[in-house]
Number of protein chains: 2
Amino acid sequence: MDARTKILETATRLFATHGYDSTSLSHVAKAASVSKALIFWHFETKENLFQAVLSRTIEPYTIDIDDLDGLNEPEQLRRLIDLYYEFVTENVFSVRFFLRLFLREEKRPDNLFGRILDLYRLYQQLLADVIARGQGRGTLSREVEPSLHAALILSTLNGVLVQGFMGEPEPHPPQRLVEQLKTTLVDRLRVQ
Amino acid sequence: MDARTKILETATRLFATHGYDSTSLSHVAKAASVSKALIFWHFETKENLFQAVLSRTIEPYTIDIDDLDGLNEPEQLRRLIDLYYEFVTENVFSVRFFLRLFLREEKRPDNLFGRILDLYRLYQQLLADVIARGQGRGTLSREVEPSLHAALILSTLNGVLVQGFMGEPEPHPPQRLVEQLKTTLVDRLRVQ
DNA sequence: GTCTATATACAGATAGAC
DNA sequence: GTCTATCTGTATATAGAC
C-alpha cells in the first residue's frame, strides 16, 4: 500500500476514535510509520487531511432498495426499517463519528454534511412514499399523514441507535426495540 | 461574584460550546478576566476544572412529578412526555454537551454519567409504572409490555431531540413530532 | 488570592538534503 | 516522495512577588 493511503487509513481510524482536536499529526505519523513532513507533503494542512478522511468515509454511503418487489406496503416498511438498522450497525464507528460532528456547531464541512442530509431525506421520502402508496391501495390505514409518520419512524430509529451508542444500561437491546418499533409503528397501521 | 465562581461560569460556557480540547485555559482566563495562574490556584489542573464544571452542570438536573394527580393514565403519559421535552429544551446546551460526551469513548467521568443514567432509568421506570397501572385499571390496552413500550417512547423522544440538535432540514418541527408521538404511542393504546 | 514571568512540552507547519 | 532538522506559536503548569 502506498504511503498516502496508509496515512488516510490511519487518520480515519484516529479521527474517528479521538476526534479532530485530540488527534495530532505526530500521532498519525507515528501510527502510520511515516514522517510528519510527508503528511504535509500529501495533504498540505491538517484541515485538508480531515476533509479527505471525511470524503473517503462518506463515499460508500448509499441506499440500495432493489429488493422491495413482491412485498406489500407494510412489509416494505418493515424491510426499510431493517435496512436502516443494518446500515448503521455495519457502520457504527463512522456513523457515531458523524453524529458527533453534527452535534458541534463549528467545523461543519457543508458539502459533506449536505451529502449525508440528502441521503437522510431520500430515505425519509422513501418511507413516506410507501405509506402513501399503501393508503392508496388499502393496505395501510389513512389515519396518519405519510410524511409525518415517516419522520416519526425515522426519529424512533435514531433514538434507538443513539441509545445503543451510549451503551444504554439496556433492559432492552436495540434489536428488541426495533422489533417493537415495527410492531407499533407499522403493524398497527395495517388494515385488517 | 467571587473569582472562583466567575471562572466556573465562564468555563462552563466555553467547554459546552467548543468542547474540552478546543477550550484553552488562556481562553478561559481572558474571558473570565483573571490570570491563568488563578485558575490553577483554584482548580489545580484543567481536568479538575472540567470535573467541577460537569458537577455544577448536572446539579440542577432533577425530575419533579408532583403534578400528575387527577389525571388518568393516558393523560399522565402525555404529561410525562411533555415534561421530558420541556426539560431538554430548557437545557439544550448542556444536554447536547453531555450527549457529545456520551458519544466518545474516552473521558467519561463515571460518577457523573452514572448520575445521569440513574435519572434516565428513573424516568423510564416512571413511564413503565404508569403504563402497567393503566393496564391494571383498564385505561390502557394490555397489548404492550409496559417496560418495553416505555423504552420505545423514550427512544422516540430522544430521536426527535437529536434530530432537533442536528438542525434537521425539518419538514416537521420537533413539537409536531412530539405531538405525533403522543398520538401514536399513547392515544392508540387507550381502551375505548 | 491574585498577579507577572517563566519553564517545559508539543502542536502545526516549513526548509532543504536525498 | 520521503526524510531530518528546525521554526514558531501556544498549551498546561510552576515560581515567586505582593
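Lettering follows sequence order; numbering is per chain, from 1.
Taking B/K46 as the reference, nothing meets the salt bridge (Lys or Arg N to Asp or Glu O under 4.0 Å) condition, with sequence neighbours excluded. Under the ring pair (Phe, Tyr, Trp, His ring centres under 6.0 Å) criterion, A/Y84 pairs with A/Y123, not counting sequence neighbours. Judged as a salt bridge (Lys or Arg N to Asp or Glu O under 4.0 Å), and not counting sequence neighbours, A/R4 has no contacts. Annotation: side chain to side chain contact (heavy atoms under 4.5 Å, CB included) contacts of A/S55 (sequence neighbours excluded): A/L112. With sequence neighbours left out, the side-chain hydrogen bond (donor to acceptor under 3.5 Å, both in side chains) criterion links B/T57 to no other residue. Listed by chain and residue number, B/R79 satisfy the salt bridge (Lys or Arg N to Asp or Glu O under 4.0 Å) test with B/D67 (two or more places apart in sequence, or in another chain). A/R142 is linked by a salt bridge (Lys or Arg N to Asp or Glu O under 4.0 Å) to nothing, counting only residues two or more places apart in sequence or in another chain.
The stretch residues 6-15 of chain B does not touch DNA chain C, since none of its heavy atoms comes less than 4.0 Å from the strand.
Per the geometry, NE2 belonging to B/H27 stands 10 Å off P belonging to D/dA11, to the nearest Å. Regarding A/W41, its CH2 atom lies at a distance of 5 Å from the C1' atom of D/dG1, rounded to whole Å. When rounded to the nearest whole Å, the span between CG of B/N48 and C1' of D/dT12 equals 13 Å.
Proximity note for A/L38 (side chain, C-beta onward) versus D/dG1, C/dC3, C/dG1: the nearest is D/dG1.
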Side chains of residues 125-133 of chain B: which donor-acceptor partners sit under 3.5 Å, not counting sequence neighbours?
from	atom 1	to	atom 2	distance (Å)
B/Q125	NE2	B/D129	OD1	2.9
B/R133	NH1	B/Q76	OE1	3.4

Quick one: side chains of residues 23-42 of chain B, donor-acceptor pairs under 3.5 Å with protein atoms, not counting sequence neighbours, listed by atom name and distance.
from	atom 1	to	atom 2	distance (Å)
B/T23	OG1	B/L14	O	3.2
B/T23	OG1	B/G19	O	2.6
B/S24	OG	B/H27	N	3.1
B/S35	OG	B/L38	N	3.3

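For the helix from C/dG1-D/dC18 to C/dC18-D/dG1, the angle separating the two terminal helix axes comes to 0°, with each axis derived from five pairs and the value rounded to 10°.
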Query raised in the report: Could you go step by step and tell me if B/F102 and A/R100 meet the side chain to side chain contact (heavy atoms under 4.5 Å, CB included) rule?
Result: CA-CA 10 Å; B/F102 263 111; A/R100 242 163 61 197; over 6 Å; no
**Report entry** Contact state string [nucleotides 12-18 of chain C, B base, S sugar-phosphate only, - no protein heavy atom under 4.0 Å]
**Finding:** BBBB---
